[in-house]
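Chain letters run A, B, ... following the sequence lines, proteins first and then strands; every chain starts at 1.
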Protein chains: 2
Amino acid sequence: MDNLLKYIRSLTSFSDRSWELLQPVLTKKEFKKNELLLRQGQVCNSLFYIDNGYCKSYYEIDGVVKNTGFFFENEIATNINSFGDGQKSEFNIVACEPLTTIIFNKDKLFQTAQQANEIETLGRNCIRLFATKQEEFSTLFKLYSAQERLEYLEVKHPEILQRVSLSQLASFLGVARETLSRIRKRRVLE
Amino acid sequence: MDNLLKYIRSLTSFSDRSWELLQPVLTKKEFKKNELLLRQGQVCNSLFYIDNGYCKSYYEIDGVVKNTGFFFENEIATNINSFGDGQKSEFNIVACEPLTTIIFNKDKLFQTAQQANEIETLGRNCIRLFATKQEEFSTLFKLYSAQERLEYLEVKHPEILQRVSLSQLASFLGVARETLSRIRKRRVLE
DNA sequence: TCAGACCTGTGATAAACGTCACATAATTAT
DNA sequence: ATAATTATGTGACGTTTATCACAGGTCTGA
């Protein structure tokens, strides 16, 4: 839980009292590699704080897997739309490695947040980080070519390139696996 | 202010008392067509509730304008990253029509939110909507081709196609103006 | 240690797209 | 009303990308 407390305090001021109040909201949970955190069609009632390992969100359309996000240590993974609105999720979240998470239960979180403003503020800040990340990757496609998107990741998010295989990365970058392989080859030669 | 109150109450329970407390946070402001709401390099200290008209966010890179978002009535326009973190904005927001907005002042909003939990919850929900929208458009690029992205807008966001010119829409969809023109022609003939 | 699954690279080919050039609306300003 | 500006359509051409096919490499579990 140490990592989580540090993470929270990097976002917002958080008293020991708030941390105590938050405890009943939290559950530690481990996932095996390839185990699902969230399944398409389910409603997402959790925020998954990633303590160790990483996971990804993906759509499965006509049997083809399309990766839409990767989530590493000290990030929150969730379906923000499903979590907020109670709608069924259109995508899956799966552990890409053995994964240790701390789960925020939605109902308990909302109850507790009504009583403790610091917890409400924490929730706002978690969502803000999530929104910032989405905006960042959304903008990539509007500003840059496939090769430039790869270069952007090399500079700004090298951890993704180090830990995610080329095949997995391709759909996230919006190109075919073969194309990404060729782009990478060009980059090495240049 | 009527529209704003309805908007707020569609998001979260909001007492008359909270609405009173919120008043000092709010300022009505009109923008002329092509007037900037936010300039690149500035820090964003406002949430712009769109009461009437619409605006867009855009990057200007090597003299070329790239549109990244459109914001219509009953939406909040802002730079979520700049607003939350105090970083300088990398993009502009400009009125595309004569625009009526209600501005939330950041400092006053945060002060007031500390005293009234309903206002903190409102902030969380506004950001949540923002995150959901970003995620939606980010996913489009990973799942669909340019033509499919256009079809998606036709079904899910026809208001964008009705109000935004083809040239403006092109960079938002991540294609050249000429390509979008040809895609549209194909769609009409099919 | 061996088979099966997954990952990466590469060639061939067709399709999609970007860019430049220019013509023709449509809109706006004077 | 008319000129200027902006928006759209279209052809030509080169570049980038998707798709299919297949070979070789790596990892993993029986």
Side-chain angles (χ1 to χ4, degrees), chain A residues 32-35 53-56 58-67 70 94-98 140-154 160-190, chain B residues 32-35 53-54 56 58-67 70 94-99 140-154 160-190:
Chain A
K32 293 174 194 163
K33 183 174 176 177
N34 297 326
E35 199 177 346
Y54 80 96
C55 59
K56 68 170 188 180
Y58 70 97
Y59 287 69
E60 196 164 348
I61 297 180
D62 301 332
V64 179
V65 169
K66 309 247 184 179
N67 299 319
F70 295 96
V94 68
C96 300
E97 294 178 350
L140 274 188
F141 289 90
K142 291 160 188 159
L143 301 185
Y144 303 130
S145 68
Q147 176 161 348
E148 288 169 329
R149 294 199 290 276
L150 178 61
E151 290 167 11
Y152 180 92
L153 287 194
E154 285 173 350
I160 297 186
L161 299 180
Q162 283 157 21
R163 296 178 71 178
V164 176
S165 75
L166 182 145
S167 302
Q168 297 297 310
L169 196 63
S171 56
F172 180 75
L173 284 174
V175 293
R177 179 185 68 73
E178 296 91 335
T179 302
L180 186 55
S181 172
R182 290 177 179 121
I183 288 174
R184 194 167 70 171
K185 186 184 174 190
R186 282 208 304 270
R187 297 257 322 135
V188 172
L189 297 178
E190 276 165 8
Chain B
K32 293 174 193 163
K33 183 174 176 177
N34 296 326
E35 199 178 346
Y54 80 96
K56 68 171 187 179
Y58 70 98
Y59 286 69
E60 195 164 349
I61 297 181
D62 302 331
V64 180
V65 168
K66 308 247 184 179
N67 300 318
F70 295 97
V94 67
C96 300
E97 294 177 350
L99 191 69
L140 274 187
F141 288 91
K142 293 161 189 159
L143 301 186
Y144 302 130
S145 69
Q147 175 162 348
E148 288 168 329
R149 294 199 289 277
L150 178 62
E151 291 167 11
Y152 181 92
L153 287 194
E154 285 172 349
I160 297 186
L161 299 180
Q162 283 156 22
R163 295 178 73 178
V164 176
S165 75
L166 180 145
S167 303
Q168 297 296 310
L169 196 63
S171 57
F172 180 75
L173 283 175
V175 294
R177 179 184 67 75
E178 297 90 334
T179 303
L180 186 54
S181 172
R182 290 177 178 119
I183 289 174
R184 194 167 70 172
K185 186 184 173 191
R186 282 209 303 272
R187 298 258 320 135
V188 172
L189 296 178
E190 276 165 8

Colleague: What is the distance, rounded to the nearest whole Å, between atom CD of B/Gln168 and atom P of D/dT6?
Modeller: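 In whole Å, D/dT6 P and B/Gln168 CD are 12 Å from each other.
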Colleague: Any donor and acceptor pair, going by atom type alone, linking the side chain of B/Tyr144 with main-chain N or O of B/Tyr152 inside 3.5 Å?
Modeller: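 No; judged by distance alone, with no hydrogens or angles, the pair does not exist.
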Colleague: In whole Å, what is the span from the CG atom of B/Asn67 to the P atom of D/dA7?
Modeller: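 After rounding, the reported distance stands at 11 Å.
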Colleague: Is there a side chain to side chain contact (heavy atoms under 4.5 Å, CB included) between B/Lys142 and A/Ser171? Walk through the geometry before answering.
Modeller: CA-CA 6 Å; B/Lys142 293 161 189 159; A/Ser171 56; 5.9 Å; no
Colleague: Would you say the side chain of B/Arg184 lies within less than 4.5 Å of the side chain of B/Leu161, judging by non-hydrogen atoms?
Modeller: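 With C-beta onward as the side chain, the pair stays apart.
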Colleague: Which pair of non-hydrogen atoms, one from A/Ala170 and one from A/Ala176, has the smallest distance, and what is that distance?
Modeller: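 For A/Ala170 and A/Ala176, the tightest heavy-atom pair comes out as CB-C, 4.0 Å.
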Colleague: Taking A/Arg149 for its side chain and A/Leu140 for its backbone only, find out whether a donor-acceptor pair lies under 3.5 Å.
Modeller: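 Not a single qualifying donor-acceptor pair exists.
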Colleague: Just how far, in rounded Å, is P of D/dT16 from CD of A/Glu148?
Modeller: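 Rounded to whole Å, this separation is 12 Å.
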Colleague: Test of understanding: with ring pair (Phe, Tyr, Trp, His ring centres under 6.0 Å), list the residues that count as partners of B/Phe70, not counting sequence neighbours.
Modeller: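 For B/Phe70 the ring pair (Phe, Tyr, Trp, His ring centres under 6.0 Å) partners, ignoring immediate neighbours, are B/Phe172.
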Colleague: Quick check: on DNA chain D, is the nucleotide nearest B/Ser165 upstream (toward 5') of the one nearest A/Ala176, or the reverse? Name the residue that is more 5'.
Modeller: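 First, find each residue's nearest nucleotide; the 5'-ward one identifies B/Ser165.
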Colleague: Rounded to whole Å, how long is the line connecting atom CG of B/Leu180 with atom C1' of D/dT8?
Modeller: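 These atoms are roughly 11 Å apart.
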Colleague: To the nearest Å, give me how far apart CZ (A/Arg163) and P (C/dC7) are.
Modeller: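 Taking atom P of C/dC7 as the reference, CZ of A/Arg163 is at 17 Å.
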Colleague: Using modelled atom types only, decide if a donor and an acceptor are shared between the side chain of A/Gln168 and the backbone of A/Ser165 within a distance under 3.5 Å.
Modeller: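 No, the answer is negative, given that no donor and acceptor are paired below the 3.5 Å cut-off.
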Colleague: Roughly how many Å is it from OH in B/Tyr144 to P in D/dA18, rounded to a whole number?
Modeller: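 Answer to the nearest Å: 17 Å.
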Colleague: Rounded to whole angstrom units, what separation is found between the CD1 atom of B/Ile183 and the P atom of C/dA15?
Modeller: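 The answer, rounded to whole Å, is 16 Å.
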Colleague: Would one find a side-chain N or O of B/Lys185 under 4.0 angstrom from OP1 or OP2 of D/dT10?
Modeller: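 Indeed, a polar side-chain atom of B/Lys185 lies that close.
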Colleague: When you check the phosphate oxygens OP1 and OP2 of D/dG9, does a side-chain N or O of B/Ser181 lie under 4.0 Å from one of them?
Modeller: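 B/Ser181 to D/dG9 OP1/OP2: side-chain N or O found under 4.0 Å.
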Colleague: Quick check on D/dG9: is either OP1 or OP2 less than 4.0 Å from any side-chain nitrogen or oxygen of B/Arg184?
Modeller: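 Indeed, a polar side-chain atom of B/Arg184 lies that close.
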Colleague: Give the rounded distance in Å between these two atoms: CD of B/Gln147 and P of C/dG18.
Modeller: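 Taking CD of B/Gln147 and P of C/dG18, I get 14 Å after rounding.
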Colleague: With 3.5 Å as the limit, what N/O pairs link the protein to nucleotides 20-27 of chain C?
Modeller:
from: C/dC20; atom 1: N4; to: B/Glu178; atom 2: OE2; distance (Å): 3.4

Colleague: Look at B/Ser167 and D/dA7 and indicate whether a side-chain polar atom (N or O) is within less than 4.0 Å of OP1 or OP2.
Modeller: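 Result: no.
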